[in-house]
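As structure tokens, the structure follows; a few thoughts come after it.
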Amino acid sequence: MFFLSFLLLLVPLVSSTSRRDMLRMHKAHARYVDTTPITGQFDSVNAGPYSLLNDLWGEYNATSGSQTSQITSLTGNYVAWTTTYTWIGGGPDQVKSFANIQLNDNINQQLSAISSLPTDWQWNLSNDNVVADVAYDLFTSWSPGGSNVNEIMVWLANVNSGPISANYNAEGQAVPVATNISLEGHTWNLYSGSNGVNQVYSFLLTTSDTIQSFSGDIYSFISYLIDNEGLNTAQYLTCAQAGTEAFSGTATLTT
């Protein structure tokens, strides 16, 4: 199951409502949802405050492959979904797809207006003999809906993959710009580099562990970048997603 929401400084209720209270408020009865599987490159389906995006944006980098994604339930604002992919060929560092759940409500807010991004996410990956990651993926811009300036990723799993980085060591491993950062009950390394379009900040666990059940505040990672990497609070959060980047192999992500 997955949940993500905004708490805004612009809303008076926020000052008297804790993150735990907000999560409890969103737990309710099952709601109707379209459970039709989607397979097309940019197919999507809406569910409450979210959209499920198949997002096979790099499929042409593969020799062959496909991906099918599906929403399975919506209870309050908790959404359950699954994706199954097979990707063969192409470079091991080339993303083929990013099946993800995207938050649509209250998006395009200035970072200075956001007080919290409470989230719950429980997930399972059927096969670790793949190249993939499981991550939150956020984008900022200088204007609502504008061109991407920064991408902020929080990796809950690094499955034989690696982040974008400006520097790599002799073994080809990404070199972090900051280490042993304590956020939301876990310890992270921060990597920074450009994807050719925008700056990418990636928080990865300092160990090879994964977090298959995460409950916390994603805004803590934005706050760290504001305080330590010069992220400007005048920028807008234009996109908030969570899903799995698939590079190669066959697996099913259930969440």
Side-chain angles (χ1 to χ4, degrees), residues 1-7 19-57 65-87 95-107 116-128 130 132-138 153-159 184-186 209-219 221 239-246 249-255:
M1 297 288 283
F2 177 86
F3 168 86
L4 178 63
S5 183
F6 278 79
L7 295 181
R19 185 181 70 82
R20 181 173 295 181
D21 291 337
M22 180 63 75
L23 297 179
R24 186 161 50 244
M25 287 163 58
H26 283 292
K27 292 182 178 179
H29 297 294
R31 301 160 60 181
Y32 170 77
V33 64
D34 185 351
T35 59
T36 304
I38 55 177
T39 59
Q41 183 178 19
F42 296 115
D43 282 358
S44 65
V45 60
N46 295 329
Y50 309 108
S51 293
L52 176 65
L53 310 181
N54 207 31
D55 200 358
L56 282 64
W57 67 268
S66 63
Q67 178 174 276
T68 299
S69 303
Q70 181 181 14
I71 291 176
T72 54
S73 69
L74 179 66
T75 303
N77 280 351
Y78 280 75
V79 63
W81 60 281
T82 183
T83 186
T84 298
Y85 61 81
T86 295
W87 296 115
V95 176
K96 310 308 187 301
S97 60
F98 180 52
N100 71 86
I101 202 79
Q102 175 178 281
L103 179 66
N104 298 322
D105 283 7
N106 293 317
I107 208 68
S116 180
L117 289 168
T119 182
D120 279 337
W121 192 6
Q122 293 82 43
W123 58 271
N124 179 71
L125 190 66
S126 66
N127 179 15
D128 60 7
V130 296
D133 63 61
V134 178
Y136 291 89
D137 200 13
L138 314 174
M153 300 191 73
V154 180
W155 291 36
L156 304 187
N158 176 11
V159 189
E184 298 304 309
H186 301 277
D209 294 339
T210 62
I211 306 174
Q212 292 185 270
S213 180
F214 181 82
S215 180
D217 184 0
I218 290 298
Y219 195 76
F221 298 89
C239 186
Q241 302 172 328
T244 180
E245 286 186 314
T250 298
T252 295
L253 178 80
T254 303
T255 183

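In this chain, residues are counted from 1 in sequence order. These numbers come from the heavy atoms of this one structure, side chains and all, not from hydrogens, waters or symmetry mates.
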Exercise. Looking at the rings of W81 and Y50, which for Trp means the six-membered one, are their centres under 6.0 Å apart?
Worked result: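 No; Y50 has its ring centre 6.0 Å or more from that of W81.
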Nearest 0.5 Å, please: how far is [atom2] in [Y] from [atom1] in [X]?
X	Y	atom1	atom2	result
I211	L156	CD1	CG	5.5 Å
L52	T36	CG	OG1	11.5 Å
Q241	I107	CD	CD1	9.0 Å
L103	L117	CG	CG	8.5 Å
Q122	S215	CD	OG	7.5 Å
I38	D55	CD1	CG	10.0 Å

Could you tell me which non-hydrogen atom of [X] sits nearest to which non-hydrogen atom of [Y], and how far apart they are?
X	Y	result
A99	S69	CB-OG, 3.7 Å
W87	A246	CD1-CB, 3.8 Å
L74	G48	CD2-N, 3.6 Å
D217	E184	N-OE1, 3.0 Å

Problem set entry | Test item: T119 side-chain N/O and F3 main-chain N/O as donor-acceptor pair under 3.5 Å |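 Indeed, once roles are kept as given, a pair shorter than 3.5 Å links the two residues.
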Exercise. Would you say N100's side chain and A242's backbone share a donor-acceptor pair under 3.5 angstrom?
Worked result: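 Checking the backbone N and O of A242 against the side chain of N100, no donor-acceptor pair under 3.5 Å is found.
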For this session: Give me the one residue out of V130, T250, L253, T252 that meets side-chain contact (heavy atoms from CB on, under 4.5 Å) with Y85.
Result: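 Passing option: V130.
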Exercise. Are the side chains of N77 and R31 in touch, meaning some heavy atoms are under 4.5 Å apart?
Worked result: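 Heavy-atom side-chain distance check passes, below 4.5 Å.
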Problem set entry | Any V134 side-chain heavy atom under 4.5 Å of T210 side chain |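 Sidechains of T210 and V134: no contact.
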Would you please name every residue forming a side-chain hydrogen bond (donor to acceptor under 3.5 Å, both in side chains) with [X], sequence neighbours left out?
X	value
D133	none
Q212	N124
N46	S51

For this session: Would you mind telling me which of F214, Y78, Y136 makes a ring pair (Phe, Tyr, Trp, His ring centres under 6.0 Å) with W121?
Result: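 The residue from F214, Y78, Y136 that satisfies ring pair (Phe, Tyr, Trp, His ring centres under 6.0 Å) with W121 turns out to be Y136.
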Exercise. Pick from T244, T39, N54: which one makes a side chain to side chain donor-acceptor pair (under 3.5 Å) with Q67?
Worked result: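 Single side chain to side chain donor-acceptor pair (under 3.5 Å) partner of Q67 among T244, T39, N54: N54.
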For this session: Would you tell me whether Q102 and N104 have side-chain atoms, one donor and one acceptor, within less than 3.5 Å of each other?
Result: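 A pair is found: one side chain offers a donor N or O, the other an acceptor, under 3.5 Å apart.
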